[in-house]
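Inspection log for the structure reproduced underneath, given as structure tokens.
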Amino acid sequence: MIFDTHAHYDDESFDSDRDELLGSMPEKGVKFIVNVGSDIKSLSKTLELSENYSFIYAALGVHPSETAELKEEDITWIEEKSVNPKVVAIGEIGLDYYWKEPDRDIQKKWFERQLCLASKVKLPVIIHSRDAAQDTLDILKNWQAHKTKGVIHCFSYTKEIAREYLDMDYYIGIGGVLTFKNARKLKEAVEYIPMNRILLETDCPYLAPEPYRGKRNQSDYIAFVAQKLSEIKKLTREEVLWQVMKNAQDFYEIS
Ligand code: NI
């Protein structure tokens, strides 16, 4: 059984066949999906999906690249919505220095603001961190990361950075990139990360694993990531799926 810990089914690339695709997930072996918000508009859609499907849960937060227009009343809105029992995390939030905009100070301000919100509403955080390893670490350490659980989604850094997050008791999110031929650095990190700290995710519609690289991603493709992980960890695919299911249920507190 598959737990997709990070998906974006609100994305317009699913507009043509969303209900058909999501309706087919249980028969494809997908047991749980967490749909993750990125901008304010996507949060309402995320909540709607979690209402319409028993197996879809919601994470509410604003992605660093979408923070330019963010307002304090948006944070209040998220806080109000987060009492809904289907809301299981705050995210995705963080820092993205790959793009020049928004300004780094704006990204940092809203990252810290949403971390505060997460500790207030007592939900785990889903962290997006791209080309911003040191600043992300500094902010999390400063904020005292242990106040809530956290996952570094779509982990793309080195084994050394992984160690820093593991020392903070964080989970590491791994997806389709693990199956790519050029993912040597990530494979090295994954060899090092203990099995009980790994969450599997699609980040769909993005980052489809081999043999679907470049195509639209979907939750059942996690089976290919689990296969690759089982080779690296010298376990069976069933053992891997069992462990990552347990990790995700512990993390999101879904039974
Ligand atoms: Ni994402």
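Values below: every heavy atom of this structure, side chains too, minus hydrogens, waters and symmetry copies. First listed ligand is number 1; within each ligand, the first listed atom is number 1. Values in this document were obtained by computation on a predicted structure and should not be read as measured data.
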- [ ] With Arg213 as the cation and Phe180 as the aromatic partner, state whether NZ or CZ is under 6.0 Å from the six-membered ring centre and within 45° of the axis.
- [x] yes

Open item on the list: At a threshold of 2.8 Å, where the distance has to be below it, does the Ni ion (ligand 1) have an N, O or S atom of His63 nearby?
Closed with: no

If you look at [X], which of its N/O/S atoms is nearest to the Ni ion (ligand 1)?
X	answer
Asp203	OD1
His8	NE2
Glu92	OE2

Open item on the list: Tyr171 and ring-ring contact (aromatic ring centres under 6.0 Å, His included): which single residue from Tyr165, Phe155, Phe251 fits?
Closed with: Phe251

Task: The single option from Phe3, Tyr252, Tyr53, Phe55 passing ring-ring contact (aromatic ring centres under 6.0 Å, His included) against Phe32 - done: Phe3

Task: Lys181 vs Glu210, salt bridge (Lys or Arg N to Asp or Glu O under 4.0 Å): CA-CA, chis, key distance, verdict - done: CA-CA 9 Å; Lys181 279 206 173 63; Glu210 293 288 1; 5.6 Å; no

